[in-house]
Amino acid sequence: MEIPSKYSPQEIEEKWYLYWMENKFFNSIPDERQKYCISIPPPNVTGVLHMGHMLNNTIQDVLIRRARMLGLNTCWVPGTDHASIATEAKVVNKLKSEGINKADLSREEFLSHAWQWKEKHGGIILDQLKKLGASCDWDRTAFTMDKNLSDSVIKVFIELANQGLIYRGIRMVNWDPKAMTAVSDEEVVYKEEQSKLYYIKYKIEGQDDWITIATTRPETILGDTAICINPNDTRYTHLKDKKAIVPLINRVIPIIEDEYVDIQFGTGCLKVTPAHDINDYALGIKHNLQTIDIFQDNGTLNENAQIFVGMDRFEAKEMMIKTLQENQYISKIEDYTNKIGYSERSFAVIEPKLSLQWFLKMQEIAQPALNAVINGEIKIYPEKYVNTYKHWMENVKDWCISRQLWWGHRIPVYYINQTNEYVIAETLEKAVQIAREKTNNQSLTAENLTQDQDVLDTWFSSWLWPISVFNGINEPENPDYKYYYPTDDLITAPEILFFWVARMIIAGYHFTGHKPFTNVYLHGIVRDLKHRKMSKSLGNSPEPLELIAQYGADGVRVGMLLCSPAGNDMIYTDDLPMQGRNFANKMWNAFRLISGWEIDQEIEQPIYAKTAIQWFEQVLNKNIENINQYFKEYRLSDALMTAYKLFWDEFASWYLEIIKPQYQKPIDKITLQKTVVFFDKLLKILHPFMPFITEEIWQLLEKRNQGETIMLQNMPKSEEYDNDIIVCFDELKQIITEIRKIRQEKNIPNKDAISLKIKTGKEGYFDFLNSILAKSCNLCNLEIVEDKQTMSVSFLNKDTEYFVPLENCINIEEEIAKLNKDIDYFQGFITAVQRKLENEKFVKNAPEKVIDAERKKLSDAQNKIFSLQEQINIIKK
RNA sequence: GGGAGUUUAGCUCAGUUGGUUCAGAGCACCUGCCUUACAAGCAGGGGGUCACUAGUUCGAACCUAGUAACUCCCA
């Protein structure tokens, strides 16, 4: 059967993924073996696969497949999170396109639409992961709003509340007026923008005097409740204890003093609007100021503003500027660059807003999580992120966990008779019970209770993920949880180190008393060549599934990993998957070569083959050892590159070329058998990186039974090896390269045999490799000689001299020039070494070993010069 | 404004306790080859003041200080 010379991955990948699924090779159940477990960073249920997912999941699959081949009971739990804000926005938009307004629906009706949407679109991303080859235990697929996971969320909320760690409070939150919800600090993206700084005059009460402040947000002066000056600022001392009048609305406000005010900035006077600025809010508390909130939740002005009521904040700003100008309150307008916060989800400008929210106290529960990373119980790779983690955990702030949305876990708080008095319970029935006890009113019914309208932050469910996917909150004694938890590795990006990783660690220690995972591997962000983050809006991201179609999943996986050292961003170009594809093709053709060889039982194993086998065994073992070490250090790019070079350079370019029989000649049995064994090992080493092609070739390499798979074979172990053989062979490679160079320079085709004469020295000659040398260089004659040769091209390896007699095409001038060039080089080298050795301080202070090495370098170089000079003399004769 | 990190070849990155196995790898590039496994290939080759400056040391890509540029986090 003819095997095509180009490897085409499409059908092959589909075939093997089906085979793996049908045979349930990805599934795991607890047994007596040691386990290895990863819970996937749950992608957003609204999401589609992007380059970041490709990198993230490739890494996880490599680790999982390798662990599986190391004999561990391997479990990779997939799933998605419900993404409150993003999903709700999607569903709202979808309904809008159908002419339905969210406001016209009841909560139940809306949720039913949301669930329909989830059922229809929620699994897309997981199916896409299958194309990548992800070997997840799909039977365990979890969703943060599944029954067990939801119950866990409610349960821990109640537990934390009972521990006094949850409180309700007025706080300045990042308000998203479009999504009508508070968002966390981490969900606000700040962008630098050109804006204006307005200088606005306030009249001093009872005096014909003015005070000027500078602000970027003139509309908020409607909520002003003070003017603040710095007590050290002599320009304003005379205004101390006076009052100012807010323009247009004539509210009288005090002039207060605080060193917080930056004298250099603007006019040195600050307007204080406690309801709409976080720093002003702090000032307000400190100076006991009134707080006037002038905005509705949707960003329009309310009654408190007195004017422009009902107008949107941006419109109101324009009106405000216009009106102030008309009334001569604006003295100056300057250009100004400031940072404006946008909602990561809805892209609306964030409005700082005072609001009643639920908070989780963090400081106390963060402590064990901080300690765990500091004392190394949990390891972060790369280590530099430990600092970042530490800094954050030491300055941790309380976590606002409520969101003004419907899609998510509804806060299990029930208010009694529309008051602020409440009870917390898993269900309405329990809430009634508790409320009756609390109020001492047995006639209280469900009618008297109103559940909090808000849901919990999505992270408040994903922080339980490694626990809740095994139902460890609800049933801590269940066998799955006991077996798989704590999980082993967590693979994610540093961007969510804080709001996911750190919180998972906190939750792990707080709810289970154990870490949630042992190692955290942080990979970078995928960027384009201009180092811009890949995103839909920039249009700079390739479509992952198209990449897979074009280069094969194996090719893409290799491309993603080749250039992605831990913690570094990955700069993507199409060259990367191409390199992966080319490598797959190389493997494919190596297989084609071997599969075409016929065995002849009669022929003896040639010495060159026997020697090459002996050498390759050493190289293989050495590289396995290196790869193991790289995996230990989570240096996956290096591990892959080592395997890549082992296959391409050592196996294909050197080993196969040496043992390759002449065209259409048969091969001996032992060599072929050994070669198949090598190939088999290489495939296993490469399988975690390139699952599909390795399965395909492995299945073809030898007769396999139904139900067999490379993915359940044992990973080759590193055995003892003789490094001397590798070193000798490296020298041999250099010698062969020298001879190839001579052929190229002198234009001698490979098929013309040449002869080689060797004047052996103490080093640089290996007779046991002669048969390989002869075959690789097509030598008709290999002779050991006592004397230097004339009419030859020569070169030195250590102190052994090699001569290629080429009577017809020797240019004596050229040869001498070449030899002189070498002499010059060594001369310079000697000068440098001598300078060192003549330095008394060096001889006195440097270790013996270093000095000896220098002396050897010196004498070696001197010998070389001597030998080269001699060669020149001989040629000249 | 506070903190962390980065700077090594055209690009992306390695360089473990300072010492010719220290200046490396892959890709890209150049030259010659369609040599029956592979042109998605083979063989060979060029390329770096290790950001800059000063210091410590017999010796610095590596240690110290300063400077510059970039990145991230927090405010």
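Here the structure is a predicted model, which is why all the values come from computation and not from measurement. Numbers restart at 1 for each chain; the letters A, B, ... are given by sequence-line order, proteins then strands. Only heavy atoms go into these numbers, but all of them, side chains included; no hydrogens, no water, no symmetry mates.
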Quiz item: OP1 or OP2 of B/U20 sitting under 4.0 Å from any side-chain N/O of A/K856?
Solution: no
Quiz item: According to the interplanar angle, ranging from 0 to 90°, do the rings of A/F583 and A/F647 count as parallel (below 30°), tilted (30 to 60°) or perpendicular (above 60°)?
Solution: perpendicular
Self-check item: Separation of B/U36 C1' from A/I594 CD1 (nearest whole Å)
Solution: 17 Å
Exercise. Please figure out whether A/L656 or A/Y825 has its closest RNA chain B nucleotide nearer the 5' end.
Key: A/Y825
Self-check item: Geometric class of the A/F678/A/Y655 ring pair [parallel <30°, tilted 30-60°, perpendicular >60°]
Solution: perpendicular
Quiz prompt | Euclidean distance for P, B/C74 against B/G10 (whole angstrom) | solution = 35 Å
Practice problem: Classify the nucleic acid contact of A/F829 as base, sugar-phosphate or nothing, counting any heavy atom under 4.0 Å across all strands shown. | Solution: base
Practice problem: Give a yes or no on this: more than 12 heavy atoms of other residues, nucleotides or ligands lie within 6.0 Å of atom CD of A/Q363. | Solution: no
Quiz item: How far does the C1' atom of B/U49 sit from the matching atom of B/C29, given to the nearest Å?
Solution: 23 Å
Quiz item: Counting only side-chain N and O atoms of A/H531, is one of them less than 4.0 Å from OP1 or OP2 of B/C11?
Solution: no
Practice problem: Answer whether the closest heavy-atom distance between the side chains of A/N626 and A/D638 falls below 4.5 Å. | Solution: no
Quiz item: Within less than 4.0 Å of OP1 or OP2 of B/G45, is there a side-chain N or O belonging to A/K741?
Solution: yes
Quiz item: Atom CE of A/M578 to atom P of B/C11: distance rounded to whole Å?
Solution: 20 Å
Quiz item: Quantified in whole Å, what is the P atom distance between nucleotide B/C34 and nucleotide B/A40?
Solution: 16 Å
Exercise. For A/K645, answer base if it contacts any base atom (sugar-phosphate contacts may also be present), sugar-phosphate if it contacts only those atoms, and nothing otherwise; contact means non-hydrogen atoms under 4.0 Å.
Key: sugar-phosphate
Self-check item: Nucleotide nearest A/R635 when distance is taken to its side chain, options B/G26, B/A14, B/A4
Solution: B/A14
Exercise. Provide the Watson-Crick or G-U wobble partner of B/C42, both distances under 3.5 Å; none if there is no partner.
Key: B/G32
Quiz item: Who is the Watson-Crick or G-U wobble partner of B/C58, with both distances under 3.5 Å?
Solution: B/G19
Self-check item: Nucleotide B/C73, atom P - distance to CD of A/E394 in whole Å
Solution: 19 Å
Quiz item: If we take the P atom in both B/C42 and B/A37, what is their distance in whole Å?
Solution: 13 Å
Quiz prompt | Touch class at under 4.0 angstrom, heavy-atom based, for A/T737 against every strand present | solution = sugar-phosphate
Exercise. Could you work out the separation of B/A51 and B/G46 based on their P atoms and round it to a whole Å?
Key: 24 Å
Quiz item: Is the distance from OP1 or OP2 of B/G41 to the nearest side-chain N or O of A/N582 less than 4.0 Å?
Solution: yes
Exercise. Determine the Euclidean distance between corresponding P atoms of B/U71 and B/A28; express it in Å to zero decimal places.
Key: 29 Å
Quiz item: Which listed nucleotide (B/C38, B/G26, B/C42) is nearest to the side chain of A/S653?
Solution: B/C42
Quiz item: Do the side chain of A/E657 and the base of B/A37 come within less than 3.5 angstrom through a donor-acceptor pair of N or O atoms?
Solution: yes
Quiz prompt | Paired nucleotide for B/A37 [Watson-Crick or G-U wobble; both distances under 3.5 Å] | solution = none
Self-check item: With A/E738 via side chain to side chain contact (heavy atoms under 4.5 Å, CB included) - residues at least two apart
Solution: A/K741, A/F795
Exercise. Please determine if a side-chain N or O atom of A/N750 lies less than 4.0 Å away from the OP1 or OP2 oxygen of B/A43.
Key: no
Practice problem: Could you work out which one of B/A37, B/A43, B/C58 sits closest to the side chain of A/A846? | Solution: B/C58
Quiz item: For the side chain of A/N589, counting heavy atoms from C-beta on, which of B/G26, B/A37, B/A40 is nearest?
Solution: B/A37
Practice problem: Using a heavy-atom cut-off of under 4.0 Å over every strand shown, decide if A/Q579 touches base, sugar-phosphate, or nothing. | Solution: sugar-phosphate
Self-check item: Distance, P atom - from B/G5 to B/A61, rounded to whole angstrom
Solution: 23 Å
Exercise. On RNA chain B, check which nucleotide each of A/T388 and A/W654 is closest to and give me the residue with the more 5' one.
Key: A/T388
Self-check item: Selection from B/A37, B/C13, B/G5 that lies nearest to any side-chain heavy atom of A/R592
Solution: B/A37
Quiz prompt | Options B/A4, B/A40, B/G32, nucleotide nearest the side-chain atoms of A/Q744 | solution = B/G32
Quiz prompt | Under 3.5 Å donor-acceptor, A/R743 side chain and A/P749 backbone | solution = yes
Quiz item: Roughly, in whole Å, what's the span from CG in A/N778 to C1' in B/U35?
Solution: 12 Å
Practice problem: Could you let me know what B/A14 is paired to, Watson-Crick or G-U wobble, both distances under 3.5 Å, or none if it's on its own? | Solution: none
Quiz item: Nearest to the side chain of A/D575, which nucleotide is it out of B/A4, B/A28, B/A40?
Solution: B/A28
Quiz item: Given the P atoms of B/A54 and B/C13, what is the spacing between them in whole Å?
Solution: 30 Å
Exercise. Going by the side chain to side chain contact (heavy atoms under 4.5 Å, CB included) test, name the single residue among A/L683, A/I693, A/L701 that passes it with A/F591.
Key: A/L701
Exercise. Could you tell me which nucleotide pairs with B/G66 by Watson-Crick or G-U wobble geometry, both distances under 3.5 Å, or answer none if nothing does?
Key: B/C52
Exercise. Mind calculating the distance between CH2 (A/W588) and P (B/A40) to the nearest angstrom?
Key: 18 Å
Quiz item: In whole angstrom, what separates A/D554's CG from B/A40's C1'?
Solution: 15 Å
Quiz prompt | salt bridge (charged side-chain N to carboxylate O under 4.0 Å, His left out) against A/R532, all qualifying residues, sequence neighbours excluded | solution = A/D528
Quiz item: Is A/A853 touching bases, backbone alone, or none of the nucleic acid, heavy atoms closer than 4.0 Å?
Solution: nothing
Practice problem: Figure out the CZ/C1' separation between A/R581 and B/A39, and round it to whole Å. | Solution: 12 Å
Self-check item: Under 3.5 Å on both distances, the Watson-Crick or G-U partner of B/U71
Solution: B/A4
Exercise. Please tell me if the side chains of A/V793 and A/K818 come closer than 4.5 Å, counting only heavy atoms from C-beta onward.
Key: yes
Self-check item: d(OH, A/Y644; P, B/C27) in whole Å
Solution: 4 Å
Exercise. Please state whether the base of B/A43 and the side chain of A/R740 form at least one donor-acceptor pair under 3.5 Å?
Key: no
Quiz prompt | N or O in side chain of A/K586 less than 4.0 angstrom from B/C42 OP1/OP2 | solution = yes
Quiz prompt | OP1 or OP2 of B/A40 under 4.0 Å from side-chain N/O of A/W648 | solution = no
Exercise. State whether A/Y385 places a side-chain N or O below 4.0 Å from either non-bridging phosphate oxygen (OP1 or OP2) of B/G3.
Key: no
